[in-house]
Amino acid sequence: ATQVNDARKTEITGACEEASPMSRQFKSDCGQPAVAIIWHNKDRRAYRMCLSCADHNVRNRGGILLVAAPVQNVRTLED
């Protein structure tokens with residue numbers, strides 16, 4: 001439980017740590033600006049992720065959203 005609390009205090013700065021979908025033979029980080037911190041119980045670790053990778057990890061890989069940056073300047077379909 002201590003690790004989760006520590007992860008919640010982590011600032012969302014830097015690049016996405018999720019593997020790029022283009023990296024098949026070796027791990028290459030996505031590199032987009034991080035906007036969320038996702039916790040994975042499998043390896044008991046928090047990862048910084050961009051919006052796209054965070055969404056995929058929460059929906060498809062059992063990731064848990066710990067912290068998300070405030071969304072600004074979001075366009076809607078009506079804009």
Side-chain angles (χ1 to χ4, degrees):
T2 304
Q3 290 177 335
V4 173
N5 290 337
D6 291 344
R8 289 175 196 238
K9 295 177 187 175
T10 305
E11 291 187 31
I12 306 172
T13 58
C16 179
E17 298 175 292
E18 176 66 337
S20 168
M22 302 303 286
S23 62
R24 300 231 182 249
Q25 296 178 347
F26 57 91
K27 184 179 184 305
S28 174
D29 289 345
C30 168
Q32 295 294 314
V35 298
I37 297 177
I38 305 298
W39 176 264
H40 277 278
N41 282 325
K42 180 179 178 182
D43 50 1
R44 303 199 46 78
R45 181 171 181 251
Y47 295 89
R48 291 185 311 261
M49 293 190 190
C50 68
L51 182 61
S52 174
C53 291
D55 180 62
H56 172 74
N57 273 268
V58 169
R59 289 178 189 257
N60 302 306
R61 295 188 175 171
I64 300 167
L65 176 66
L66 294 181
V67 181
V71 179
Q72 298 175 356
N73 302 325
V74 175
R75 296 187 59 172
T76 64
L77 294 175
E78 298 164 353
D79 290 345

field: Minimal non-hydrogen separation, His56 against Arg61, with atom names
entry: NE2-NE, 3.5 Å

field: Check: Arg48 main-chain N/O paired with Glu17 side-chain donor or acceptor under 3.5 Å
entry: yes

- prompt: Taking all non-hydrogen atoms of both residues, which atom of Cys50 and which atom of Gln32 are closest, and how far apart?
  reply: CB-CB, 3.6 Å

query: Going by side-chain heavy atoms closer than 4.5 Å, which hydrophobic residues are tied to Val35, directly or by a chain of links?
result: Leu51

query: What is the distance from atom CZ of Arg44 to atom CH2 of Trp39, rounded to the nearest 0.5 Å?
result: 5.0 Å

query: Does Val58 sit in a hydrophobic cluster with other residues, and if so which ones, taking ILVMFWY side chains as linked at heavy-atom separations under 4.5 Å, directly or through other members?
result: Ile38, Tyr47, Met49, Leu65

